[in-house]
Amino acid sequence: MSFNIAIDGPAGAGKSTAAKLAAKELGFIYVDTGAMYRTIALYLLRSGTDIEEEAALQAALEDIDVRISYEQGVQHMILNGEDVSGLIRTPEVSDMASRSSARPAVRKKLLDLQRQLAAREDVLMDGRDIGTAILPKADLKIFLTASVAERARRRFLEMKEKGEECSEEEIRREIEERDYRDMHREISPLVQAEDAVLLDTSDMTLEQVVERITALAKEKMHA
Ligand code: CDP
């Protein structure tokens, strides 16, 4: 039986950075489900699909083959045979991922891929609905969050480091918009699972967050 850790939380809470490091320390595979939604979003943008049109969306989804591959422990997203990992972190893709992930057909497309991975491997999977919908029986569930101001500040620093022009205020607005959409959609909204441990990282360093996640995991594994 594989050991599954579900980490959910809003945009910019630091899930992926912390989850990646914690997975490495635990010897687990890190699965970034946001990257899967982003990969589908990239296809939808490229093809100019009107995602509100059910038939058009269905047709587009049928043409999409999403795969995940690991090179030296790093997750790569493969879209119809093309490695698109470097193309899915733009604001346009973020926006399309947030909008298209509210469509049931898009979520359905990724459900099996996510569950199959978790059934096969010890995974630390991060997203919005992992503990509530994808892996309701996960061995450990964590809801990772931080204040909007802190999340905007972190995202801003991250973008600046990459040399990208942006305003902190604009990022804050974007985060608030995405939070609202993720939390209010009908299907698999972002909510804390009843049995999830709440981790507010507003006043925590990255090291502290990683330490807490690995400590919680070790506690459960040895229980
Ligand atoms: O990294 P960041 O927090 O900005 O976002 P992400 O985790 O890469 O996810 C991008 C978008 O995909 C989110 O805004 C969600 O709307 C959606 N998503 C989702 O609906 N369910 C998941 N399990 C993961 C992401």
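This is a predicted model, so every value here is computed, not measured. Atoms within each ligand, like the ligands themselves, are counted from 1 in listed order.
Two residues are said to be in side-chain contact when any heavy atoms from C-beta on lie closer than 4.5 Å; Val197 and Lys141 fail this criterion. Side-chain contact between Glu150 and Arg154 is present, with heavy atoms from C-beta onward closer than 4.5 Å. A 4.5 Å side-chain heavy-atom check between Ile134 and Arg115 finds at least one atom pair inside the cut-off.
Distances below 4.0 Å separate heavy atoms of Tyr37 from the following atoms of ligand 1: 12 (O), 18 (N), 19 (C), 21 (N), 22 (C), 23 (N), 24 (C), 25 (C). Residue-ligand proximity, Gly127 to ligand 1, at heavy-atom distances under 4.0 Å covers atoms 22 (C), 23 (N), 24 (C). The atoms of ligand 1 that sit less than 4.0 Å from any heavy atom of Ser101 are 15 (C), 16 (O), 17 (C), 20 (O). Atoms of ligand 1 found under 4.0 Å from any heavy atom of Asp129, numbered from 1 in the order shown, are 23 (N).
The existence of a salt bridge linking Lys160 and Glu164 is excluded, since no basic side-chain nitrogen approaches an acidic carboxylate oxygen closer than 4.0 Å. Using a 4.0 Å cut-off between charged nitrogen and carboxylate oxygen, Glu168 and Arg172 do not count as a salt-bridge pair.
Distance from atom 14 (O) of ligand 1 to its nearest protein heavy atom, with residue and atom name: Arg178 NH1, 2.8 Å. Distance from atom 13 (C) of ligand 1 to its nearest protein heavy atom, with residue and atom name: Arg128 NH2, 3.2 Å. Looking only at heavy atoms of the protein, atom 8 (O) of ligand 1 is closest to Arg38 NE, 2.6 Å. Thr33 OG1, 3.0 Å is the protein heavy atom nearest to atom 23 (N) of ligand 1. From the protein, the heavy atom lying nearest to atom 16 (O) of ligand 1 is Asp182 OD1, 2.6 Å.
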Run the salt bridge (Lys or Arg N to Asp or Glu O under 4.0 Å) check on Glu82 and Arg46 step by step: do they pass?
-> CA-CA 13 Å; Glu82 174 192 359; Arg46 280 177 170 176; 3.0 Å; yes
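In this structure, Arg185 is part of the shell of residues with a heavy atom less than 4.0 angstrom from ligand 1. In this structure, Arg107 is part of the shell of residues with a heavy atom less than 4.0 angstrom from ligand 1. At least one heavy atom of Gly12 sits closer than 4.0 Å to an atom of ligand 1. The closest approach between a heavy atom of Arg155 and any atom of ligand 1 is below 4.0 Å.
Under the 3.5 Å distance criterion, with hydrogens and angles disregarded, no donor-acceptor pair is assigned to the side chains of Arg178 and Ser101.
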Taking only distance into account, with no hydrogens and no angle test, what donor-acceptor pairs under 3.5 Å do side-chain atoms of residues 19-39 form with protein atoms, sequence neighbours excluded?
from	atom 1	to	atom 2	distance (Å)
Tyr30	OH	Asp126	OD2	2.8
Asp32	OD1	Gly34	N	3.1
Asp32	OD1	Ala35	N	3.1
Asp32	OD2	Arg89	NH2	3.1
Thr33	OG1	Asp126	O	2.6
Tyr37	OH	Arg107	NH2	3.1
Arg38	NH1	Ile88	O	3.0
Arg38	NH1	Ser94	OG	3.1
Arg38	NH2	Ser94	OG	3.4
Thr39	OG1	Ala35	O	2.7

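Shown are His184, Arg181, Arg185, Met183; of these, the side chain to side chain contact (heavy atoms under 4.5 Å, CB included) with Leu190 is made only by Met183.
Considering Gly34, Ala41, Pro91 only, the shortest heavy-atom separation from atom 6 (P) of ligand 1 involves Gly34.
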